[in-house]
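Taking it in order: structure first as C-alpha cells, then the write-up.
Lettering of chains follows the sequences in order, A, B, ..., and the numbering in each one begins at 1.
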Protein chains: 2
Amino acid sequence: MGPDDLSSEDFERLARIAHRYYVDGRTQEEIAREFGQSRPKVQRLLERARWAGVVDIRVASPPGLNLELETRLRDEFGLADAIVAPRRDDPQSQREAVARSAAQFLERRLRDGSVVAVGHGRDTAEVPRFFRPRRRVDALFVSAMGGSPRVDTPTNPNEICRSLADACGGRSQSLYAPAYVESVEVRDRLLEQDAVAHTLDAAARADMALVGIGGVNDDCTMARSGCLLPAEIERLRRQGAVGDVVGNYVDVDGRLIASPHQERLVALSIESLHAVPLVVAVASEAEKPLAILGVLRAGVIDVLVVDEGNANAVLDRAGSDGAPAPTAAGRGPMARRR
Amino acid sequence: MGPDDLSSEDFERLARIAHRYYVDGRTQEEIAREFGQSRPKVQRLLERARWAGVVDIRVASPPGLNLELETRLRDEFGLADAIVAPRRDDPQSQREAVARSAAQFLERRLRDGSVVAVGHGRDTAEVPRFFRPRRRVDALFVSAMGGSPRVDTPTNPNEICRSLADACGGRSQSLYAPAYVESVEVRDRLLEQDAVAHTLDAAARADMALVGIGGVNDDCTMARSGCLLPAEIERLRRQGAVGDVVGNYVDVDGRLIASPHQERLVALSIESLHAVPLVVAVASEAEKPLAILGVLRAGVIDVLVVDEGNANAVLDRAGSDGAPAPTAAGRGPMARRR
DNA sequence: GGCCCGGGTGATCAATTGATCAGCCGCGAG
DNA sequence: CTCGCGGCTGATCAATTGATCACCCGGGCC
C-alpha cells in the first residue's frame with residue numbers, strides 16, 4: 001500500500017508527474033502533453049500516486065483539534081458533521097468546551113428567520129453562555145419538550161430558549177407543559193391546548209434542532225430534575241434503554257423503547273425530530289458513550305458535538321459490536337466518495 | 001508566513017475547512033454550505049490555508065531523484081523541462097546516468113514521423129546505448145553538424161544518428177562534411193552541394209534536436225576530435241567563449257561569439273536551432289557549469305538533461321551574477337502560475 | 001482457430017474549480 | 001458631511017477536472 005510495491009520505474013514516473021502537478025502547478029493537460037500520454041491517463045496516474053502515498057497531503061491540526069476523530073465519526077454514523085471539542089480535565093470545563101463548540105456551530109448556521117427546536121439537559125443549557133453571534137440574528141427558538149416540575153430549572157428547554165434568544169436578539173417560544181405527565185389522558189388533553197399544540201407544531205417544522213443526549217443512570221438530568229422517578233429510570237434500564245433524545249428513550253441499537261412512560265411524554269416525537277433537517281446533539285459527560293451510541297443509531301442526529309473521550313469511546317464501542325462498519329481507511333486523500 | 005501569524009480562531013477555521021476539503025474530499029460547494037459562506041470565499045480560504053502552510057502537500061522523492069532542483073532549473077531559465085540525473089561517483093558513470101535520462105526522455109517524446117536533429121559530443125554519444133524504445137518508432141535522425149577529421153569517431157553526429165536509428169528501427173541521414181572547414185569559401189562551396197544542403201535543411205525543420213553542450217578547455221571534444229586546434233580554442237577563450245552548441249560558441253551571457261571560425265562552421269546555426277520546437281541539451285562533465293550557463297542564456301534550449309553537480313553549480317552561478325532571477329519561493333503548493 | 005473475459009485506453013460529457021468583475025462597505029482625508 | 005480609495009464579496013464565466021462509456025487488445029480457454 002505504500003510507495004514500495006511499485007517498480008522504481010513506476011515510482012519515478014508517478015513522483016515526476018505528481019511533482020509537476022502538485023508542486024509546479026501544471027495542469028493535467030500540460031503534463032499529458034509533456035509525457036506523451038492522454039489526459040485521462042495522467043489523471044489515473046495522479047490518482048494512483050495519491051493512493052500509493054507518493055503524494056502526501058496533510059493538514060496541520062491546531063492543538064486540541066481532533067479533525068481525524070471528527071471524520072471517523074462522520075463516516076461511521078453518516079453524520080453531516082461531527083465536532084470534537086478539545087479535551088478538558090474537569091467535567092465542568094469539558095462541558096463548557098463542548099458547549100462552546102456547539103455555540104460556534106450554531107453561530108455559523110443561524111440565519112434570519114431560522115427556527116430552532118430546543119431540547120433540555122445540562123450540556124445544552126451551557127450553550128447559551130457561549131452563544132455570541134457577531135450581529136443580531138432574528139431567529140426563533142422553540143421549546144421541543146416540556147419542563148421539569150421544578151419550574152425554573154435552567155436546564156429546562158424554555159429557559160434555554162430564552163437565553164439563546166436573548167443572546168442573539170431573536171425570539172423564543174415556550175412549551176407550557178411538563179415533560180412527563182401522569183397519564184395518556186392528561187397528555188392528550190394537554191395536546192389539545194392551543195398553546196401546547198402550537199408550540200410543538202412549530203418545533204416540528206423547525207429548520208434545526210439543538211438537543212442533548214441523556215443517560216439512564218441515577219443522576220441523569222431526567223432524574224435530577226424530577227421528571228422521572230428513580231424507579232421509572234430503573235425500569236427503563238431493565239427494558240434496555242441506554243439514553244434519550246428529548247425524552248425518547250432508545251436501546252443500544254437505536255430502537256425506541258416502547259413503554260408506558262413514552263405515552264406520557266410531551267415533546268417532539270422521534271419521528272418529528274427526524275423530520276427536522278438539521279438535528280444537532282450535544283453530549284459531554286463521562287458515562288455517556290452508550291447513550292450516544294444508541295441515539296446515533298436511532299438515526300435522528302445530523303450533527304454531533306462531543307468531547308474527545310466520548311468520541312473515542314463511542315467509536316470503540318461501535319467498532320466492536322454491531323455492523324463491521326465501513327472504515328474510512330484505504331480512502332486516500334482527495335478521493336471523492338460517491 | 002507560517003501558520004503562526006494567524007489568529008488561532010482563523011487557524012482553526014482554515015484547518016477545519018482544509019481538512020474537510022483535502023482529507024474528507026468534500027467539494028468546495030458542500031463546504032461553503034456547511035460553513036455558511038459563498039463558494040468563492042471557501043476557495044479563497046483554501047488558498048490562504050495553502051499559503052499559510054496549514055495544508056502541506058509533499059511528493060515523495062525516490063532516492064536519487066532531484067525534482068526540486070529540476071523545478072528550479074525550469075523556473076530560472078524558462079525551460080520546458082529539466083531533468084537532473086542521479087549523482088554518480090566517477091565521471092563515466094555520471095555521463096551514463098545523464099545519457100540514460102536523456103534516452104528515456106527521447107523515448108517518451110518520439111513518435112512515428114518525428115525528425116530529430118542530432119549534435120555531437122561525448123555525452124550525446126552515450127545516449128544511443130540507453131535508447132531502447134518499447135517498440136519500433138519510425139523516426140528520422142538527421143546530423144546537425146559536420147564530423148571530425150578523424151572520420152569514424154563515435155562522438156560524430158553521423159555515428160550517433162546511425163546508432164539512434166538502429167536502436168528504434170528508424171532512419172538516419174548523415175551530413176557529409178567536416179564541422180569546420182578551411183575557409184568561408186570552402187564552406188559556401190560545400191553548402192551548395194545538394195547532399196549537404198539537403199541534410200542541413202532537414203535538420204533545420206526537425207521537430208526536435210538532441211545536442212551536447214561543449215566546453216572550451218583544452219581537452220574539450222572539439223579539441224580531442226581535432227575539429228579545432230588548441231590555438232583556436234585558446235583564441236575563443238580570449239574572446240570570452242565559455243561553451244558551444246553544435247559548434248556555435250557563446251559567452252557567459254549567452255551572446256554568440258562572432259569570430260572567423262564561426263564562418264567556417266558547417267552546422268545548424270543558432271537561429272536555425274532556435275527554430276526547432278524542442279531542443280534537448282545533454283551535459284554532464286565536471287567543468288561545465290559556465291558552458292551550460294552560457295548556452296542556456298542563449299535561449300535555444302528547451303530541455304536540459306544534466307547531472308546534479310552541474311545543476312547546482314549552474315544555479316549558483318546564475319543566482320550570483322546576472323539578473324536577480326525570479327525565485328520560485330513564495331509560490332505555495334498548488335498555486336497556478338499565470 | 002475462434003471466442004470470451006479483464007484490464008486498460010482515450011473520446012466525451014458533467015461537475016467542480018479558478019478567475020474576473022462590478023458592486024458594496026467601511027474608513028480616513030478633505 | 002462628502003468623497004474617494006482599498007479591500008472584500010458574491011455573481012458569473014471559462015478552464016480544468018472527474019466520471020462514464022464504448023472500444024480495443026492480449027491472453028487464456030474451448
**Q.** side chain to side chain contact (heavy atoms under 4.5 Å, CB included), paired with B:Ile17, selected from B:Leu45, B:Val55, B:Val54
**A.**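 Answer after filtering B:Leu45, B:Val55, B:Val54: B:Leu45.
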Q.
On the nucleotide C:dG18, are OP1 or OP2 found under 4.0 Å from the side-chain N or O atoms that B:Gln28 carries?
A.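 For B:Gln28, the contact criterion (side-chain N or O under 4.0 Å from OP1 or OP2 of C:dG18) is met.
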Q. Taking OP1 and OP2 of C:dG10, is either one under 4.0 Å from a side-chain nitrogen or oxygen of A:Lys41?
A.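 No, because none of the side-chain N or O atoms of A:Lys41 sits under 4.0 Å from OP1 or OP2 of C:dG10.
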**Q.** Non-hydrogen atoms of A:Leu273 and A:Val279 that approach each other most closely
**A.**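 Taking A:Leu273 first and A:Val279 second, the nearest heavy atoms are O-CG2, 3.5 Å.
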Q | Closest contact, heavy atoms only, A:Leu67 versus A:Arg74 | A |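 Heavy atoms only, the tightest pair is O-NH2, 4.5 Å.
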Q. Hey, is the side chain of A:Arg44 pairing donor to acceptor with the base of D:dG18 inside 3.5 Å?
A.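 Answer no: no donor N or O sits under 3.5 Å from an acceptor.
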Q | Side chain A:Arg39 and base D:dG18 donor-acceptor under 3.5 Å | A |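 Per atom types, the contact qualifies.
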When the distance from [atom1] of [X] to [atom2] of [N] is rounded to whole Å, what number comes out?
{"X": "A:Glu30", "N": "D:dA15", "atom1": "CD", "atom2": "P", "answer": "14 Å"}
{"X": "B:Arg33", "N": "D:dG10", "atom1": "CZ", "atom2": "P", "answer": "15 Å"}
{"X": "A:Leu46", "N": "D:dT16", "atom1": "CG", "atom2": "P", "answer": "15 Å"}
{"X": "B:Glu29", "N": "D:dA11", "atom1": "CD", "atom2": "P", "answer": "11 Å"}
{"X": "A:Arg26", "N": "C:dT17", "atom1": "CZ", "atom2": "P", "answer": "23 Å"}

Q. Which part of the nucleic acid, if any, lies within contact of A:Gln43, taking any heavy atom under 4.0 Å across all strands shown: a base, the sugar-phosphate backbone alone, or nothing?
A.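 The residue A:Gln43 makes base contact.
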Q. Nearest to the side chain of B:Pro40, which nucleotide is it out of D:dT17, D:dT12, C:dT16?
A.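 The listed nucleotide nearest to B:Pro40's side chain is D:dT12.
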Q. How about A:Arg111 and A:Ser114: does a side-chain donor come under 3.5 Å of a side-chain acceptor?
A.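 No, A:Ser114 and A:Arg111 have no side-chain donor paired with an acceptor closer than 3.5 Å.
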